[in-house]
Every structure is written in structure tokens, then in C-alpha cells.
Student: 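If you scroll down you'll find the structure; I have some questions about it.
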Amino acid sequence: MYFKTRTHTCGELRENNIDENVVLNGWVDTRRDLGGLIFIDLRDRYGITQIVFEPNFNKEAHEAAGSLRSEFVISVEGKVRKRPEGTENPALPTGQVDVMVNKLVILNEAKTPPFSIKDEIDTSEDIRLKYRYLDLRRPLVQKNILMRHKMYQVARKYFDNNNFVEVETPVLMKSTPEGARDYLVPSRLHKGKFYALPQSPQQYKQLLMVSGLDRYFQIVKCFRDEDLRADRQPEFTQIDVEMSFIDQENIFGIVEGLMKVFYKEIWNCELDLPIPRLTFDEALEKYGSDKPDLRYGLEMVTLNNVFANTTFKVFQDHIKNKGIITGLLAPSCGEYTRNQLDVITDFVKKLGAGGLIWMRVKDNDLEAPIAKFLTGEEKKNLIAALKAKPGDLIFILTGPRHKALSIMGSLRTEMARRLDLINADSAPKLLWITDFPLFEWDEQTHRYYAMHHPFTSPKLEDIEFMESDPARVRARAYDLVLNGSEIAGGSIRIHNAELQAKMFKALGISDEEAEYKFGFLMNAFKYGAPPHGGIAFGFDRLAMIFAGEKSIREVIAFPKTASAVSIMDDAPSTVDEEQLKELHIKIR
């Protein structure tokens, strides 16, 4: 089947092309038969051009067009003309012209697709993913993929301009499970042994620092066998970065420069620098989260000082036990009904709260079930601390510090939703979170785990507490948060074997286990490792936010479902016995 390759794309023709003879290739988007005239909207990834089949212009082409249906692949030759007055389409860049067709070649017919190839469709995500190759034809999905492509190019250009070297690291590596579960790959040649797919290139990029490649980056695939959600996939993409002879400020400078370029190139807006910073403790007290959304206010307020001398036993007990009393103001919500308040109380109870204290703010007073237990001075100071006005509503939670603050943080988010404080016009908000705890305690295993990873350096002034009081040790770690989502995280690394051994000891990792899992990295450190640190962006999540989507599946070409299944090609799938036998595997 002979056809001519296109002279123009379907988004290219303008009035300056009038009277030109052109060739267009693409898909039939819509077909309108007006008796003597047939109008086709021809689509490719660049746009849509209207083509016209008229029997008086070319009878043969007009007759052939009678069989055209949605999603047929065609090639047409014709002459560009200005559309007749009154038929222009200002919604299309090509809407001032159309093409009178004198030759049609049908390159491929198409079955009726299971959903319309347009942006607004009413179909399930499973159907979209099963026919993802059709879903990818939709303009909005293509726009997301093209934006992602642009972000790749922006990142590569930025890092190259700043003397970074892009280095590919292995996809088949040694299993060093710390944190998420590894994906394992059985070795055919080495019976009973396995490779792991990398959860990140962490150890390799540190080895590159030992190698003297002082500025590394990579746009890299990573794999984690863990439970999924809207912004998580079993395989995901990172922008991975590592630098030598630097401190935290150098990392921040590089990252802020990249974000400024992203803002300009993708959103066409300016990012004011420097990006604001909060410590982990400050973020928890003000927002109940280490990834707070700053697009709205609703700051939480610690009220321990307000009730320092209280006779109210609930507050007394938690203050004595080093707990916290935290308050949240819901502006203009003082008229909430008892039923509405019960719904909100149930919300926090499901998160683990024992209950919720609420107070309606009246003129110079508070209306609440517990009001009779508070002195006039306490009420006055409470109103002042929360800057409350008549008609407002106060929420109070009390309990163990981290638990109470986290629950109140969730209530803060819920109230923002109820008050409709976030909308499409909300300015994006970036934030650095610093000074994370180095360790987190796990109640089930009764041991400490690294909050980030075991190569994160403690703050130098806290090293003395690593054995005596691990919970007190802060990390030289940092996260970058955009609109309430963590988009990047990193740390200054441990670069000497002695401190790394101390870290392994604090984590309960024996010398033998450390040697088995990380010996190659520890040995490398003995040959002169420079001070180094880095950061990794969750690229899928970053692209999701820049695209204005709610799920990373919308910015990944071939994503998996929430249960890690690819419906389109039926992965994961069974394999035949011969393959298993070669890999020395037997399925029980």
C-alpha cells in the first residue's frame, strides 16, 4: 500500500499555507456526513486539522471517504483553503483553514474502540489501563507524557550545565534489604543465588563519590515490592543526585536552582528563592506532618503553656506525662451542628484519638462541654493563643506528642477540604523539612530503624548520644515538600568507616551482617572517601503535581494497577516448567 509521508502535521497548517498542496497522515477523530460533503477531523499528536471530501472537487476520494470511521488510519493529499466565512473554529490553532482532499489512502481500518478517544470520558480506570495504547491517544494523556519528556530534558540540561556527570548504575545488584522489600531475580548460572532490583542506586552513587566523580546524576528506574497507593508504583523513576566536598547548603542551592527552572519551563512562573525551611519538630507542631501543605493556613498551636496550671485532670495528666495539648482553629465554623461535630469526632477516633474537645467561640466566652472546668483566665489565654473570634470553632486534642500532633494534622487537612481552602488557583508552595530524627522506634520488633537509610550522617553535635539516647539524635537529612507531597529526600552521608560502624551498632546490625550486606561499600571507604551527600527526586510524583493530576498513573506511559498488575499485558504471569527448571525453582 503506497502512501506519501506527511508534509505537515495535523497541528501545523495556518492561513499562510492557503493554496499549498499538502499531505497529512493521522487518525480519524470525528466524521460528519452532510449529504454531499464529508468532514473529517484528522488527528495526530500535534493537533487536529479538518479535511473535506467534496464530490465536485474529487469524486473518487469522496466515494472512498464513505467507509471512514473513527480511528481509521489514513493518508490524504489535498489543497489548503480558507474556511468559508462563519465556519471557522477558534478553539483549534488550525481552525481558520481546512484541506480539500483529492486523494485518500486508508492505511488501516479500526474496530470501534471501547471508549471515546477524547479527554472527558466516563469509563473505569481498569478499562483505560487494559487498552492503554488507546488511552494514550487521548490529548490530555499525551500532554502529560510530553510534559514528562520536557521535564527530562530540562533536568538533563540543568545538571550538565552544572558539571554533573550522568552515570548508569546496575539494575541487577546484591540484595541489601533495609526498609522496603526487594524484588528478587533468580540466577540461572549460579544455583540458589539471586540478584535484587535496586530500591535506589544509593550505594553505587556513594561509590562514584569514592571514585572521584564528584558530581553525579541519573534519571533511574527503581523497584520496591511494597503495598501501593495512588502515588506509588512497584517500579518508579528517580532523579538521583550525589555531590562530593559539600554541605547541606550546597545541596539546597543545586535543588533550588533546578526547581526554579522547572517552575519557569513547565508552569511559566517564577519561584522565589530561597525556599522556606522548617525543622521536623516545627513542622509537626504547626501542621501535624513532616510534609505539610502550606497552600492554606490552619496552623496548629501548642497549648501546654495555656494550661500549665490547669485543674482539668485530662490536661493535667498529659502534661505530667510529657504529652501535648494541641489546638486548631476552624474559622467561621461556630455554627456547626452537633451532628457535624459528631462526624468530625468519629473521624479523629478512627485515627486513634480517644476523643475530641470542641469549643464554640462566643463574645468574650467559650461554649463547650468542658467549659465549666476552665478558669476565666484559661479561656481568655486560649482565645488569644488561637487568635479566635466570635463565630469560630476550636478543636483540641491531647495525648502522646507524636500521636496527638499527627491526628490533629489529619484533622487540619480534613477541615481544609471541608472549608474548600484548596482550589486550582492556589499558588504552589515549596518547603524544606530539616533535622529529622536519625532513628525511629518500632514497637513490634522493639528496635530502632534508620528513618532514612543506614548511610545517613547524624548531626555532628548529636553523635555522643547514639548509644546513650538514640531517640535524641538528629539526622543531617532533608526533604523537599511541594503542596503537601514529599517530592525529594536526601542527606549528608557517613563517609568514614568508624562512624558507619557506630551506626550499624545502633541499628542492631552485627559486624558479620554489616560485612555481608555492605562490606564492599565499607571497604571502599578505607581507600579515601570524600565528604559527600545527595538527594533523590520522586520523578513520577513531581510530574504528577506539575501536570495537576491526582495519581502518578496519569503521567506514566504503562502503569500498573493499585495491586501491581498490568491488565494490558497480564503481568505478572505464570511461566512454563522448563523456565522454572532452568532457574532451579519449584512452585509449591
Side-chain angles (χ1 to χ4, degrees), residues 119-122 125 140 144 229-231 263 266-269 271-272 276 278 283-301 326-351 353 356-362 366-368 383 385-397 404-431 433 481-487 541-555:
D119 285 343
E120 301 299 325
I121 55 173
D122 183 20
E125 186 180 54
L140 181 60
N144 288 346
R229 56 179 185 239
D231 60 349
Y263 266 55
I266 309 302
W267 275 338
N268 194 29
C269 67
L271 170 62
D272 292 330
L278 284 176
L284 205 58
E285 282 209 19
K286 288 185 177 182
Y287 305 106
S289 171
D290 61 1
K291 43 182 179 293
D293 192 337
L294 301 189
R295 287 175 295 175
Y296 54 92
L298 299 185
E299 279 192 19
M300 296 151 48
V301 178
T326 179
L328 178 71
L329 185 73
S332 303
C333 294
E335 299 304 315
Y336 267 31
T337 65
R338 188 57 188 260
N339 182 60
Q340 286 175 299
L341 293 168
D342 286 344
V343 169
I344 293 171
T345 300
D346 287 341
F347 173 82
V348 297
K349 282 184 174 180
K350 287 176 182 176
L351 296 173
L356 177 67
I357 295 170
W358 54 264
M359 302 182 185
R360 294 188 177 96
V361 183
K362 302 294 184 180
L366 294 172
E367 178 189 291
I383 290 171
L386 288 167
K387 298 176 182 175
K389 298 181 180 64
D392 291 344
L393 184 65
I394 291 172
F395 294 117
I396 294 177
L397 282 173
L405 291 173
S406 295
I407 295 172
M408 186 64 95
S410 297
L411 179 56
R412 172 183 178 262
T413 303
E414 173 64 13
M415 291 309 298
R417 185 191 66 79
R418 286 171 174 265
L419 296 171
D420 196 25
L421 298 182
I422 308 172
N423 54 59
D425 298 324
S426 299
K429 294 290 186 180
L430 271 167
L431 174 70
I433 303 294
V481 176
L482 176 59
N483 294 349
S485 290
E486 177 201 332
I487 58 169
R541 192 176 301 175
L542 185 64
M544 174 189 78
I545 295 172
F546 272 97
E549 299 287 359
K550 291 183 171 60
S551 167
I552 60 172
R553 290 192 287 274
E554 299 299 338
V555 294

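Along the sequence shown, the residues carry numbers beginning at 1.
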Student: Please report the shortest heavy-atom distance between T326 and A404, naming the atom on each side.
Tutor: CG2-O, 4.2 Å
Student: Step by step, work out the side-chain contact (heavy atoms from CB on, under 4.5 Å) result for C333 and Q340.
Tutor: CA-CA 10 Å; C333 294; Q340 286 175 299; over 6 Å; no
Student: Tell me, yes or no, whether the heavy-atom count around K387 atom NZ, taken from other residues, nucleotides or ligands under 6.0 Å, exceeds 12.
Tutor: no
Student: Could you measure the distance from the CD1 atom of I407 to the CG atom of L351? Nearest 0.5 Å is fine.
Tutor: 6.0 Å
Student: List the atom of V555, the atom of A547, and the distance in Å for their closest heavy-atom pair.
Tutor: CG1-CB, 3.9 Å
Student: For E414, what residues pass the side chain to side chain donor-acceptor pair (under 3.5 Å) criterion, not counting sequence neighbours?
Tutor: R417, R418
Student: Given side chains that start at C-beta, do those of I487 and I545 come closer than 4.5 Å, heavy atoms only?
Tutor: yes
Student: Report yes if some heavy atom in the side chain of M300 is under 4.5 Å from a heavy atom in the side chain of K286; otherwise report no.
Tutor: no
Student: Give a yes or no on whether a salt bridge exists between K350 and D346, defined as a side-chain N under 4.0 angstrom from a carboxylate O.
Tutor: no
Student: Once you measure the plane-to-plane angle for F546 and Y263, does it fall in the parallel (<30°), tilted (30-60°) or perpendicular (>60°) bin?
Tutor: perpendicular
Student: Where do D293 and N483 come nearest, in terms of heavy atoms and distance?
Tutor: OD2-O, 3.4 Å
Student: To the nearest 0.5 Å, how far apart are CG in L341 and CG in L393?
Tutor: 6.0 Å
Student: Check whether more than 12 heavy atoms from other residues, nucleotides or ligands sit under 6.0 Å from atom CG of D272, and answer yes or no.
Tutor: no
Student: Over all heavy atoms of both residues, which pair between A388 and L329 is shortest? Give the atoms and the distance, please.
Tutor: CB-CD1, 3.6 Å
Student: Are any side-chain N or O atoms of R412 and backbone N or O atoms of L298, one a donor and one an acceptor, separated by less than 3.5 Å?
Tutor: yes
Student: Could you pull out all residues at least two apart from E285 that satisfy side chain to side chain donor-acceptor pair (under 3.5 Å)?
Tutor: T302, R401
Student: Indicate yes or no: at least one non-hydrogen side-chain atom of L397 is less than 4.5 angstrom from one of L356.
Tutor: yes
Student: Please report the interatomic distance CE(M544) to CZ(R553), rounded to the nearest 0.5 Å.
Tutor: 11.0 Å
Student: Any side-chain heavy atom of F395 sitting closer than 4.5 Å to one from I344?
Tutor: yes
Student: About how many Å separate CG of L542 and CD1 of I552, when rounded to the nearest 0.5 Å?
Tutor: 12.0 Å
Student: Could you state the interatomic distance from CG (D290) to CG (L284), rounded to the nearest 0.5 Å?
Tutor: 7.5 Å
Student: When you measure from the side chain of S426 to the backbone N and O of I422, does any donor-acceptor pair fall under 3.5 Å?
Tutor: no
Student: Contact between L386 and V361 at the side-chain level, heavy atoms closer than 4.5 Å - yes or no?
Tutor: no
Student: In sequence, state the C-alpha distance, the side-chain angles, and the governing distance for Y287 and M408, and then conclude on side-chain contact (heavy atoms from CB on, under 4.5 Å).
Tutor: CA-CA 8 Å; Y287 305 106; M408 186 64 95; over 6 Å; no
Student: Quick check: does any side chain N or O of S485 sit under 3.5 Å from a backbone N or O of V481, one acting as donor and the other as acceptor?
Tutor: no
Student: Would a 4.5 Å heavy-atom cut-off, applied to side chains only, mark P292 and K429 as touching?
Tutor: no
Student: To check you understand the geometry: which heavy-atom pair defines the closest contact between P428 and L482, and what is its length?
Tutor: CB-CD1, 4.1 Å
Student: Can you check whether E554 reaches L140 side chain to side chain, under 4.5 Å on heavy atoms?
Tutor: no
Student: For the atom pair CE (M359) and CD1 (I383), what is the distance rounded to the nearest 0.5 Å?
Tutor: 9.5 Å
Student: Tell me the closest heavy-atom pair linking K362 and E335, and the distance in Å.
Tutor: NZ-OE2, 4.4 Å
Student: Show your working on side-chain contact (heavy atoms from CB on, under 4.5 Å) between L411 and F347 and close with a plain yes or no.
Tutor: CA-CA 8 Å; L411 179 56; F347 173 82; 4.2 Å; yes
Student: Give a yes or no on whether the backbone of Y336 and the side-chain of R360 come within a donor-acceptor separation of less than 3.5 Å.
Tutor: yes
